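Read through the structure below, which is laid out as C-alpha cells, and then see the notes.
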2 protein chains.
Amino acid sequence: MTEPVPLARLFAIAYRQLVDGLHERLAERGWTDVRPAFGFLLLALRAGPASLGDLPGVLGTSKQAVSKLVDRMVAAGYVERVPDPGDGRAKQVRLSSRGQALLAEVERIWVELEAAWEDAIGGARLAGLRSDLEQVLRSAHGGALPPVRTVA
Amino acid sequence: MTEPVPLARLFAIAYRQLVDGLHERLAERGWTDVRPAFGFLLLALRAGPASLGDLPGVLGTSKQAVSKLVDRMVAAGYVERVPDPGDGRAKQVRLSSRGQALLAEVERIWVELEAAWEDAIGGARLAGLRSDLEQVLRSAHGGALPPVRTVA
DNA sequence: CGGGATCGTCAACCCGGTTGACCATCCCGG
DNA sequence: CCGGGATGGTCAACCGGGTTGACGATCCCG
C-alpha cells in the first residue's frame, strides 16, 4: 500500500453514492423526471430568482449549457423564465411552485442520507469531515466556495 | 444556515478540483491527450493485466462502455489488447510501456496535489478525512471499496 | 456433437457539456 | 440624437462518455 487509492477517487465514489441515493429516493416518492444536473440549478435558485447571465459564474459552465439546462427544467415544469423588467435582453429564472416542492424534497433527502453517514462514522467525525473539506476548498479559492467546475 | 451546502456538492467540487489539477499538470509535462476517464482504467490495471470481462465490475460501467474506453486508450497508445491464451473469446488488457509511464506520472501528481491539501488543513486532518471517508464508503458496501458507479 | 451460456463488438441513442455564429437590446460618445 | 460597440441569450454542430439491444464467435457440458 505504498500508494493508497487517490483521494479523487474517494470523492467520486462518495459523490455517486449520494447522488444515486438521492435519485433513488426521489423516484420512490414520485419524482421520476429529475435529472442529476437539475440539482445545481435548484440550489442556485434557492435564495431567489437569478438572471440567466449570472448563472454561468455560479454553476461553472458556459451560458449555452445553462440555457439548455434551463430549457429542460422549464419543460419539466421546475423553473420559469421571466423577462427582466429593467432590461429587454435579459431574462430571469425562478423556481416554479413545483420546483420549490422538489427543492424541499431534495433537502429532506440530503438530511436523511447524511444521517445514514452519521450512523457509519458518528456525528463528530462527519462534522469534521465536512468542515475540513470546506476549509480546503475555500482556501484554494480565496475564502468563497468555488463552483463545481471552475469557471473558464 | 439551517441547511448548509450538501455534502454531495462538496464532493463534486473537490473531485473536479483534483481532476482539473491533475490534467493541468499532465498537460504541462507533455501528456496532452489524456482524457479524464483514462484514470479509472489506468488504476484498474495498476496491479497487472485484466480480462475485459472483469473490468465492468471494477469500473462500474457496462461492458460496452469499457470496450469503448479501451478503444480510445489503445488508439492513444496507453493500453494493449491481447488475446487470452486460454479462451478464444476473451481478451486481456494491459498497460503499454507508455501507459506505465503515464501511471507513474499520475501517481506522482496525486502526491503533489495531496501535499497541497496538507498545507491547507494539515496532515493529521487530511489523514482523518481520508480514513473517515474510506470507512463510510466501505461500511455501505460490505467492507470493500465500491466502484465509482455501483454496478447494475 | 449440438445447444445454451459467455465474451466482446457494433449500432443507435441520450445527456450534458463545448465552441462559434448570430440576433436583439442596451448604452455611451461624437 | 444617432450609430456603433458591448452585452444577454439562443441556435446549430459537435464531442465524450455513458446506455440498451442485437449479434457473431467461442466455449462447455449433457
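Owing to the predicted nature of the structure, the values given are computational and were not obtained by experimental measurement. In the text below, chain A, chain B and the rest are named by the order of the sequence lines, each starting its count at 1.
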Practice item. Measure the distance from CZ on A/Arg72 to P on D/dC11 and round it to the nearest whole Å. Key: 14 Å
**Study point:** Contact nearer the 5' end of DNA chain C, comparing A/Phe40 with A/Asp87
**Key:** A/Phe40
**Study point:** B/Ala90 side chain, from C-beta outward: closest of D/dG8, C/dG17, C/dC7
**Key:** C/dC7
Practice item. Starting from P on C/dT6, measure out to CG on B/Asp54 and report it in whole angstrom. Key: 14 Å
Practice item. Using a cut-off of strictly less than 4.0 Å, decide whether B/Ser62 has a side-chain nitrogen or oxygen near OP1 or OP2 of D/dG18. Key: no
Review point. Donor-acceptor pair under 3.5 Å: do we get one between A/Gln64's side chain and the base of C/dG16?
Key: no
Study note, to complete from the structure: Checking B/Val106, B/Leu22, B/Ile109, B/Leu102 against B/Trp31 for side-chain contact (heavy atoms from CB on, under 4.5 Å), the one that qualifies is B/Leu102
Review point. OP1 or OP2 of C/dC15 less than 4.0 angstrom from a side-chain nitrogen or oxygen of A/Arg35, does that happen here?
Key: no
Practice item. Using whole Å, report how far CE of B/Met73 lies from P of D/dG16. Key: 15 Å
Practice item. Establish whether the base of D/dG18 is bridged to the side chain of B/Lys68 by a donor-acceptor pair shorter than 3.5 Å. Key: yes
Check your understanding: When all nucleic acid strands are considered with a 4.0 Å heavy-atom cut-off, which category describes B/Lys63: base, sugar-phosphate, or nothing?
Key -> base
Practice item. Rounded to the nearest angstrom, tell me the gap between atom CG in A/Asp84 and atom P in D/dT7. Key: 17 Å
Study note, to complete from the structure: Here the distance between atom P of D/dG9 and atom CD of A/Gln92, to the nearest Å, is 9 Å
Exercise for review: Indicate whether OP1 or OP2 belonging to C/dT9 is found under 4.0 Å from a side-chain N or O atom of B/Ser67.
Suggested key: yes
Check your understanding: Looking at D/dG9, D/dG18, D/dA6, which one has an atom nearest to any side-chain atom of A/Arg89?
Key -> D/dA6
Check your understanding: Could B/Asp84 and B/Lys91 be called an ion pair, given the rule that one side-chain N must be under 4.0 Å from one carboxylate O?
Key -> no
Exercise for review: Measure from CZ on A/Arg16 to P on D/dG18 and round the result to the nearest Å.
Suggested key: 9 Å
Practice item. Take atom CG of A/Leu69 and atom C1' of D/dG9, then tell me their distance rounded to the nearest Å. Key: 15 Å
Study note, to complete from the structure: B/His23 atom NE2 is separated from D/dG16 atom C1', nearest whole Å, by 12 Å
Check your understanding: Checking A/Ser139 side chain against B/Ala120 main chain: does a donor-acceptor pair fall under 3.5 Å?
Key -> no
Exercise for review: In sequence, state the C-alpha distance, the side-chain angles, and the governing distance for A/Gln135 and A/Arg138, and then conclude on side chain to side chain contact (heavy atoms under 4.5 Å, CB included).
Suggested key: CA-CA 5 Å; A/Gln135 181 178 333; A/Arg138 292 197 140 96; 5.9 Å; no
Point to revise | Carboxylate-amine/guanidinium proximity below 4.0 Å for B/Glu107 and B/Arg46 | key: yes
